[in-house]
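Read the structure below first, then the notes.
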Amino acid sequence: MDKNFDSKTAEEGIYRTWESGGYFTPAIDPKKKPFTILLPLPNANDPMHMGHAMFTVQDILIRYHRMKGDPTLWLPGGDHAGIETQYVFEKRLAKEGKSRFQFDRETLYTMIEAFVEQNKTTNRDQMKRLGFSMDWSRYRYSLDPDIVATVLDTFRKMHEDGLAYRDSRLVNYCTKDGTGFSDLEVLYVERTDPLYYMKYGPFTVATVRPETKFRDTALAVNPKDKRYKDAIGKTYEIVGLLGPVKMTVIPDPDVDPSFGTGIMKVTPAHDPHDFELGKKFNLPVTPIIDQRGRMDFAWFLTQQDSNPKYRERAEKYHGKKVAEARAIMVEDLKADGLLIKIDENYVHRIGTCYRCGSVLEPLPIPQWYVKTKPLAKKAIRAVKDGKTKIVPKKRFEKMYFDWMNNILDWNISRQIVWGPRIPVWYCLDCNPDITISFIDKQLAKIFGDYKSIISKYQFSDLKKGLQSLSAPLHATYSLSPEPCQKCHSTHVLQETDTFDTWFLSSQWPMTTLGFPDSADFKYFYPTSVLDTMWDILFFWVARMMMMGLYRTGNIPFEVIHLHSRVVDQHGKKMSKSKGNVMNPIDMVDKYGADALRMALIYGAAPGSDIAISEDKIRGMRNFANKLWNMGRFIHMNIDATGKEIPFYDNEFHKTLTDANDKRIISELNMLTAGVTKDIERYRFSDAAQAIYEFAWHRVADVHLEKNKDRFKSGDIQAITVLRHVYITLLKLLHPFMPFVTESVWATFPRKRTEPLIVSSWPTAG
RNA sequence: GGGCGGUUAGCUCAGCUGGCUAGAGCGUUUCAUUGACAUUGAAAAGGUCAUAGGUUCAAAUCCUAUACCGCCCACCA
């Protein structure tokens with residue numbers, strides 16, 4: 001044996017032995033209850049970060065259960081990660097001076113697909129570097145045809161059940177990325193913006209968005225506000241930048257009389273609250289900002305009789321970006337004496353795109369939604385009834401219930417190409433006023449060439465492309481084009497929106513296992529533990545609960561375990577901009593996978609952050625080496641005796657005479673019981689610390705030193721006990737530090753020849 | 001605005017259902033060692049457990065309030 005454990009040369013070979021031995025693939029035994037974990041599917045295109053390294057938690061559970069003899073499955077996978085991947089790809093295009101809008105949808109899709117294929121294996125190889133014992137023979141990719149087929153079928157069922165529907169309402173739209181998002185994806189940031197007090201006929205109104213005033217449809221006041229009591233229901237003529245308009249004052253209990261002047265202008269097309277209010281009072285939805293984030297005054301410019309002054313203004317505003325237009329309008333308001341004052345220090349929160357940071361525009365665009373209330377109800381019930389347990393309970397159960405109880409319908413439409421297209425079809429002949437705003441080869445197939453389409457149908461902006469249809473709400477579910485049910489026309493077009501990535505991943509437990517009738521699904525579903533970080537509790541975990549219960553009638557997993565977030569050595573979140581990101585693979589190269597794994601587990605309390613530093617990883621590398629040298633010491637002493645050392649068993653136990661031996665055995669039994677209990681209770685740090693403490697400070701520092709003379713003198717009993725203690729430690733530590741333990745294990749004689757990974761978990765006593 | 005978590009040694013944190021001199025890793029100081037390991041060993045310094053009350057025979061641990069830090073949720077224009 002070498003003087004030190006050399007992780008670099010040992011790890012790869014060991015992993016290959018495990019893999020080629022088939023130990024990662026469980027043997028299906030109907031008599032045994034399996035233990036199953038689904039890997040939270042990483043973006044197939046993404047290199048590994050420290051967050052992924054925390055999947056060590058899963059490997060600990062998996063290795064523990066495998067050693068206990070359970071048919072154990074850890075199912076890996078990769079996510080096409082719709083918007084994420086397309087965004088990364090577009091950035092690359094931008095570097096070449098290109099834009100996605102230069103390509104038709106099929107070409108763009110093919111390009112992204114090729115891009116993903118190039119990088120798909122990186123993440124997988126890195127998982128192996130960490131020693132993760134996943135069943136690679138069952139690896140799934142979220143765009144595998146059978147997975148997509150199940151997802152589409154779920155959509156079909158939801159459509160039939162009235163749980164998937166199309167509606168035109170305000171959507172959080174990123175004008176830069178060109179897609180809408182669900183409420184969860186909105187990132188609110190605090191900002192200080194000017195609050196403008198504008199003259200509004202006989203009133204004064206405060207707003208941060210003067211540019212939307214042209215399409216205000218009403219004024220709202222709190223019905224309890226005495227100041228405006230008499231105004232409710234009355235219509236006023238209000239002179240604005242483009243001349244006078246008529247507006248009615250409506251009551252709205254949500255208006256805060258103490259904010260601004262207590263009067264609110266109502267803009268249903270660009271404010272979610274106003275949109276709802278508009279529905280109540282039958283106000284028209286009249287947009288003034290388009291999907292590119294530019295001012296749209298076409299409605300005004302097409303009027304024949306408009307005043308030349310106003311017309312000139314509208315032309316000036318038209319097509320300008322929101323911020324730019326606002327600045328010009330503020331100047332015009334001042335010139336007209338309509339601006340009363342500006343509060344420059346108004347602090348509010350504004351919705352931004354979590355991807356690119358742009359301000360999101362609430363825009364009225366039709367999208368597909370999932371009706372979530374009935375699904376949430378069952379998902380709440382399942383946790384309340386204890387069918388699925390959340391660990392740590394105290395902290396995260398409340399979060400889960402709060403979110404489920406206040407859940408809103410889920411927007412599953414994305415105006416991107418990278419992902420499965422929503423399988424519904426619209427008849428172009430039944431909807432002659434349809435607006436098609438993208439380039440699509442499918443259309444060319446229907447009509448022969450683009451030109452004829454352009455002449456027949458309205459295109460809002462061909463170049464911008466790939467956006468949602470503003471079609472009437474009639475849609476037919478189908479996987480392939482079928483003649484219109486009403487008019488039998490074959491001029492049908494598939495919805496251009498693709499599914500939100502989370503719509504696919506929410507079905508991961510079913511789709512990966514082969515729902516509805518594969519052997520795997522029947523055997524492994526519901527899975528045992530779902531381990532992930534709390535940041536995707538709503539995005540993913542909660543939605544899997546809803547979708548799993550909806551489709552299978554059964555929970556997708558028995559336990560939801562939320563692991564720690566990895567932060568830097570000062571307890572700060574790792575981020576590229578802060579420059580404090582640590583690459584897990586670098587650490588594996590430098591100190592070994594065992595060291596990194598142990599450093600991530602050791603000292604992490606359930607639900608709290610775990611601080612990682614290179615010093616800590618180095619400390620754990622030292623521990624791996626300590627363990628290695630304990631093995632070396634034992635070998636040297638055995639070799640010195642020149643004898644065969646008996647295996648430690650019950651018979652041998654009875655012959656123990658030395659107090660030191662008896663004591664260390666009894667302590668080992670206590671440790672075994674403790675570690676087993678800690679793992680069962682998801683207290684991995686406690687288990688890791690207990691083993692570390694015992695191995696280093698109890699066995700190596702005390703027992704070994706104290707009994708050195710006995711070992712050297714060839715005391716067979718002492719050596720047998722020591723070897724047994726050591727071998728048991730290797731087993732206990734194997735889930736945490738699989739490489740070094742497996743490596744030393746191989747140097748010791750065993751009753752059976754299997755590697756440590758499939759050896760039996762020790763029992764106390 | 002609502003909610004959650006944190007505040008313990010120089011740094012990062014453990015301390016689960018209250019109970020012996022409050023622990024670990026890293027760091028610091030001193031000493032030792034060519035015989036498993038310097039990726040080592042022995043020893044040491046270092047904490048009024050955020051603050052103020054309260055419950056209790058007993059509180060870092062439970063309760064109340066305050067302060068600061070972090071996070072989540074929410075349509076206040």
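In what follows, chains are A, B, ... by sequence order, proteins preceding strands, each numbered from 1. Since this is a predicted model, take the numbers as computed values, not measurements.
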For [N], the Watson-Crick or wobble counterpart (both distances under 3.5 Å):
{"N": "B:U40", "answer": "B:A32"}
{"N": "B:C57", "answer": "B:G19"}
{"N": "B:G46", "answer": "none"}
{"N": "B:C4", "answer": "B:G70"}
{"N": "B:C26", "answer": "B:G10"}
{"N": "B:U51", "answer": "B:A65"}

TODO: Cation-pi check, A:R543 to A:W410: give yes when NZ or CZ is under 6.0 Å from the six-membered ring centre and within 45° of the ring axis, no otherwise.
DONE: yes

Task: Stacked cation flag A:K341 on A:Y196, 6.0 angstrom / 45 deg - done: no

Whole Å only: how far is the [atom1] atom of [X] from the [atom2] atom of [N]?
{"X": "A:M636", "N": "B:A36", "atom1": "CE", "atom2": "C1'", "result": "6 Å"}
{"X": "A:I691", "N": "B:G25", "atom1": "CD1", "atom2": "P", "result": "16 Å"}
{"X": "A:L562", "N": "B:C4", "atom1": "CG", "atom2": "P", "result": "17 Å"}
{"X": "A:Y602", "N": "B:C26", "atom1": "OH", "atom2": "P", "result": "8 Å"}

Task: Main-chain N/O of A:T372 paired to A:K377 side chain as donor or acceptor, under 3.5 Å - done: no

Task: N/O donor-acceptor pair under 3.5 Å between A:E742 side chain and A:L756 backbone - done: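 Looks like yes, one N/O pair under 3.5 Å.
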
Task: Within residues 703-728 of chain A: residues closer than 4.0 Å to RNA chain B (heavy atoms) - done: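 The answer is A:L704, A:E705, A:K708, A:K712.
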
Open item on the list: Counting only heavy atoms and a strict 4.0 angstrom limit, can you tell me which residues of residues 610-626 of chain A come near RNA chain B?
Closed with: A:A611, A:D615, A:R621, A:N622, A:N625, A:K626

TODO: Would you indicate whether A:K373, at its atom NZ, is surrounded by more than 12 heavy atoms from other residues, nucleotides or ligands within a distance under 6.0 Å?
DONE: yes

Task: Between A:E680 and A:T676, a side-chain donor and acceptor under 3.5 Å - done: no

- [ ] Say whether A:H635 and A:D639, considering side chains only, have a donor N or O and an acceptor N or O under 3.5 Å apart.
- [x]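 No donor-acceptor contact under 3.5 Å links the two side chains.
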
- [ ] Would you please indicate yes or no on a ring centroid separation below 6.0 angstrom for A:Y602 and A:F736?
- [x] no

Task: Aromatic contact, A:F748 with A:Y726 (centres under 6.0 Å) - done: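 For A:F748 and A:Y726, the ring centres are under 6.0 Å apart.
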
Task: Selected nucleotide, minimal atom distance to A:W696 side chain, candidates B:A36, B:G25, B:G41 - done: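 Ranking B:A36, B:G25, B:G41 by closest atom to the A:W696 side chain puts B:G41 first.
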
Open item on the list: Quick check for you: among B:A42, B:U40, B:G15, whose closest atom lies nearest to any side-chain atom of A:D701?
Closed with: B:A42

Task: Per-nucleotide protein contact string for nucleotides 70-77 of chain B (B base, S sugar-phosphate only, - none; heavy atom under 4.0 Å) - done: ----BBBB

Task: Rounded C1' spacing from B:A59 to B:G54 in Å - done: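 Straight-line distance between the two C1' atoms is 12 Å.
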
Task: Side-chain heavy-atom pair A:L61, A:I679 within 4.5 angstrom cut-off - done: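 In contact.
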
TODO: Could you check if a side-chain atom of A:T267 sits within less than 4.5 angstrom of a side-chain atom of A:F275, using non-hydrogen atoms only?
DONE: no

Task: Presence of salt bridge, A:R710 and A:D715, under 4.0 angstrom - done: yes

